[in-house]
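Here's the structure we're looking at; comments come further down.
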Amino acid sequence: MNRPVLLVIAHGSRDPRHAATVQALVRRAGALRPGLRVETAFLDFNLPSVTGVLDRLAADGVRDVVALPLLLTRAFHAKADIPAVLRQAPASLRIRQAEVLGPSPLLISAVERRLYEAGLTPGDKSSTGVVLASAGSSDPEAIAVIAETARELRRTGWCSVRPAFASASLPRTEQAVQALRTDPGVRRVAVAPYVIAPGRLPDRIAAGAAGADVLADVLGPSPELAALLVERYDGAVRASERMAAAAG
């Protein structure tokens, strides 16, 4: 039985660093599962488009596809944009939309990896406050997930963790940095961008981190994120198999 193709769907950006980072991440994920066909598509700004890739897969005789939103929360893109574009797929394709990436312990590990790469150590945790800075959303579910992720990161031992947002929501990164300066026990402040790839909003996060002591990198093609892509793919395949078994 042929395994479903993994189609990773990213948002896209005018910033060329975005697509390059997404492609690097997808390559790393594909290397974890040799023989699995992995494709990348973008909702906007970049090529290939989702519809273009789906048409090509159908022309190649592919029948089963797992569409994986490269998103950290279930906001508008996951709930509306991606389902809408998938409905335009050729009728010959059977498509299952996988869960978004967050929340996941692997994302917490990826954030900590970037903080350590920026110069912190596990021994710094008890005296360091962290701003978990995301792109932002007007979706209450997405905001709640970011807040819970900040709490989970705090439970790993950091002195304090505050969520912040580059758009749509408050507080902004610079406001969270200032607030952490007043937290008891915080001797240094680090900003951890909770975003996958560079672009306009991550640049806004970096600008807001000017008052921090440490600025970590975006999550990018980290091993944890690559493993999470494969984990979400496997989960979608198992769910599809369970549905088929129940129906049969």
Are [X] and [Y] connected, step by step, through hydrophobic side chains (Ile, Leu, Val, Met, Phe, Trp, Tyr) whose heavy atoms are closer than 4.5 Å?
X    : Y    : value
F45  : I196 : no
L215 : V131 : yes
L57  : I9   : yes
L219 : F42  : yes
L68  : V38  : yes

Looking only at heavy atoms, which two atoms of [X] and [Y] are closest? And how far apart?
X    : Y    : result
V130 : A192 : CG1-CB, 4.0 Å
L71  : V100 : O-CB, 3.5 Å
P221 : R28  : O-NH1, 2.9 Å
G102 : L107 : CA-CD1, 3.5 Å
L115 : W158 : CD1-CZ2, 3.7 Å
A29  : V230 : O-CG2, 3.6 Å

Could you list the donor-acceptor pairs under 3.5 angstrom formed by side chains in residues 161-169, with sequence neighbours left out?
from, atom 1, to, atom 2, distance (Å)
R162, NH2, D183, OD1, 3.0
S167, OG, A135, O, 3.0
S169, OG, S137, O, 2.5

With a 4.5 Å heavy-atom cut-off, do [X] and [Y] have their side chains touching?
X    : Y    : value
I146 : T73  : yes
L25  : L70  : yes
L153 : V111 : yes
R74  : P69  : no
N46  : V22  : no
K79  : D139 : yes
P48  : T40  : no
I205 : L201 : no

Just do the side-chain contact (heavy atoms from CB on, under 4.5 Å) check on V214 and V189 with the steps written out, would you?
CA-CA 6 Å; V214 174; V189 175; over 6 Å; no
Please, which pairs that meet side-chain hydrogen bond (donor to acceptor under 3.5 Å, both in side chains) have at least one residue in residues 49-61, sequence neighbours excluded?
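Listed once each, the pairs are R37-D60, E39-R56, S49-T51.
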Taking side-chain hydrogen bond (donor to acceptor under 3.5 Å, both in side chains) as the cut-off, I'd like each qualifying pair that reaches into residues 93-111, sequence neighbours left out, listed once.
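For residues 93-111: D64-R94.
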Applying the side-chain contact (heavy atoms from CB on, under 4.5 Å) criterion to L7, which one of V66, L93, L54 satisfies it?
L54
Taking P4 as the fixed residue, which of V62, V65, V237 is the one that meets the side-chain contact (heavy atoms from CB on, under 4.5 Å) rule?
V237
Taking it one step at a time, do D203 and D15 satisfy side-chain contact (heavy atoms from CB on, under 4.5 Å)?
CA-CA 10 Å; D203 283 350; D15 189 321; 4.3 Å; yes
Okay, side chain of [X], backbone of [Y]: is any donor-acceptor separation there less than 3.5 Å?
X    : Y    : value
Q175 : R172 : yes
D44  : S13  : no
R154 : C159 : yes
R27  : A31  : no
H18  : G199 : no
R114 : V218 : yes

If we ignore angles and hydrogens, is there a donor and acceptor under 3.5 Å between the side chains of R188 and T128?
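Note: R188 and T128 side chains meet the donor-acceptor criterion.
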Answer yes if the side chains of E112 and T156 hold a donor-acceptor pair under 3.5 Å, and no otherwise.
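Looking only at side-chain atoms, T156 and E112 do form a donor-acceptor pair, the distance falling under 3.5 Å.
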I'd like to know if [X] and [Y] make a salt bridge, using a cut-off of under 4.0 Å between side-chain N and carboxylate O.
X    : Y    : answer
R3   : D234 : no
R181 : D213 : yes
R151 : E148 : yes

Report the distance from atom [atom1] of [X] to atom [atom2] of [Y], rounding to the nearest 0.5 Å.
X    : Y    : atom1 : atom2 : answer
L225 : L106 : CG    : CG    : 8.5 Å
K125 : L120 : NZ    : CG    : 10.5 Å
I95  : S240 : CD1   : OG    : 12.0 Å
L228 : L101 : CG    : CG    : 5.0 Å

Step by step, work out the side-chain contact (heavy atoms from CB on, under 4.5 Å) result for L72 and Y194.
CA-CA 8 Å; L72 298 176; Y194 192 61; 3.8 Å; yes
Kindly determine whether L6 and L36 satisfy side-chain contact (heavy atoms from CB on, under 4.5 Å), including the steps that lead there.
CA-CA 8 Å; L6 170 57; L36 174 65; 4.3 Å; yes
